[in-house]
There are 2 protein chains.
Amino acid sequence: MAEKKISAAVIKRLPRYYRYLSELLEQGIDRISSGELSKQMKVTASQIRQDFNNFGGFGQQGYGYNVAYLKDEIGKILGLNRNYHVIILGAGNLGHALANYAGFEKRGFVVSGVFDIDKAKIGLKIGQVEVMDMNGLRDFIAAYPVDIAALTLPRSQAAAVARELVELGVSAFWNFAAIDLNLPKEIAVENVHLAESLMRLSYNISNLPRE
Amino acid sequence: MAEKKISAAVIKRLPRYYRYLSELLEQGIDRISSGELSKQMKVTASQIRQDFNNFGGFGQQGYGYNVAYLKDEIGKILGLNRNYHVIILGAGNLGHALANYAGFEKRGFVVSGVFDIDKAKIGLKIGQVEVMDMNGLRDFIAAYPVDIAALTLPRSQAAAVARELVELGVSAFWNFAAIDLNLPKEIAVENVHLAESLMRLSYNISNLPRE
């Protein structure tokens, strides 16, 4: 793969391509033209070709794309050709939802630990793992690899826990707390700000085109 | 407020302004300069002024912004000066998390119903509401206002349920299912594709600047 800088907009679109290609494979479709992919995804064929050209084009357009190959190549670009050990901080409903979602494990994101400070939750089983005491974090990270920390704890605790995790060597965060973590730039942070998402929806409700 | 078209990028930033202004108010700060806001939010002061100029500027910069006024005005633009009746389709962990999150109600998003097809879940209490049988959707929507439907059901059911809801008059969707709903353009859809978010994180893990 070329080492040139890929634009953030292209990167943002790659997971959607990956999702469509996965669905096509599930449906037993192993070859697709850019025109047909364009129709299904409702983006222009030229957009698709431009996006794919960032990565060398992924094969002959005349014959269409090989779905399995294309999915695999995009998966490699997305870093999906390896496993990630995920810990979840906060065993509330959202933490449960993430720990139980089978789709993540299928993609290589394996939940290896769930932590909480609530004594009533410690010891409960979620999926394959037991909720552990947040006080045991340091020992856990010393003993096991942790690639991603998912933060599903309250805003008031998230930043401090994230800083502690960075000190312990964790370098990627999936942040659901309604706060900007402000971590060093070599730390990867992906935010899911649900309240902001809901506000974008209310904006759109107020500003929809009406007949 | 001017009727000119505001760019999607500006709209996307408004909820973050709203979040910071809410936090400032909670801290008892009632006036802030664009310079100080810029420092806290880590965006340039010129970006802030440009964004706000889309809406008339929100008052004298020399004396700083009035935090409560600014929060209120941005809230109005975001459509937060009213209540929204929200129903949740799918009483799994994610549905529970959304129904229990107090922050949404504080912003005016009131959960008025949770629906599932699973007989074991029907009748269970989540927060203030009882899980209802999905078969009762039509009657519920005929009897009560529904402004937003949150879809936390499996991909295989989400599209069909969304189409049914559109026929019943629901015009806004908060979609957590890993599928594009492809609804008419007068329907507002805000997607939260968690698997795609996780893939962007794994991309960033693989492509971080390393010292």
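Each chain gets a letter, A, B and so on, in the order its sequence line appears, and its residues count up from 1.
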Looking at [X] and [Y], what are the two nearest heavy atoms and their distance?
X        : Y        : answer
A:Ile77  : B:Tyr203 : O-CD1, 3.1 Å
B:Arg19  : A:His193 : NH2-NE2, 3.4 Å
A:Ile148 : B:Leu201 : CG2-CD2, 3.7 Å

How about [X] and [Y]: do any of their side-chain heavy atoms sit closer than 4.5 Å?
X        : Y        : answer
A:Met199 : B:Leu14  : no
A:His96  : B:His96  : no
A:Leu198 : B:Arg107 : no
B:Trp174 : A:Leu194 : yes

Between CD1 on residue A:Ile6 and CG on residue B:Asn207, distance to nearest 0.5 Å: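 Between atom CD1 of A:Ile6 and atom CG of B:Asn207 there are 9.0 Å.
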
Reported OG-to-CG distance for the pair A:Ser206 and B:Leu80, which is rounded to 0.5 angstrom: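 These two atoms lie 8.0 Å from each other.
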
Residues in residues 85-93 of chain B near chain A [non-hydrogen atoms, under 4.5 Å]: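 Against chain A, the residues of residues 85-93 of chain B that fall inside the cut-off (heavy atoms, under 4.5 Å) are B:Asn93.
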
Chain A contact residues among residues 109-130 of chain B, heavy-atom distance under 4.5 Å: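 Contacts with chain A: B:Phe109.
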
If I measure from the heavy atoms of chain A, does [X] come under 4.5 Å with its side chain, its backbone, both, or neither?
X        : answer
B:Ile187 : backbone
B:Tyr20  : side chain
B:Asn100 : side chain
B:Lys12  : both
B:Phe176 : side chain

Chain B contacts, top residue of A:Ala195, A:Ala178, A:Gly108, A:Ala150 (heavy-atom pairs, under 4.5 Å):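 Highest number of heavy-atom pairs under 4.5 Å: A:Ala178.
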
Residue among A:Ala188, A:Gly75, A:Ser197, A:Gly79 with most heavy-atom pairs under 4.5 Å to chain B: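 Of the options given, most contacts go to A:Ser197.
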
Pairs meeting criterion side chain to side chain donor-acceptor pair (under 3.5 Å) with involvement of residues 146-166 of chain A, two or more places apart: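 Checked against side chain to side chain donor-acceptor pair (under 3.5 Å) - neighbours excluded - the pairs reaching residues 146-166 of chain A are A:Arg82-A:Asp147, A:Arg155-B:Glu26.
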
Residue among B:Val192, B:Leu94, B:Asp180 with most heavy-atom pairs under 4.5 Å to chain A: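 Between B:Val192, B:Leu94, B:Asp180, the count favours B:Asp180.
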
Choice from B:Ala172, B:Gly95, B:Ala97, B:Ala99 maximising heavy atom contacts with chain A below 4.5 Å: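 Most heavy-atom pairs within the cutoff with chain A belong to B:Ala97.
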
side-chain hydrogen bond (donor to acceptor under 3.5 Å, both in side chains) partners of A:Lys76, counting only residues at least two apart: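 Scan of A:Lys76 (side-chain hydrogen bond (donor to acceptor under 3.5 Å, both in side chains), adjacent residues dropped) gives A:Glu73.
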
Chain B contact via A:Phe173 - side chain, backbone, both or neither, heavy atoms under 4.5 Å: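 Contact with chain B is through the backbone of A:Phe173 alone.
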
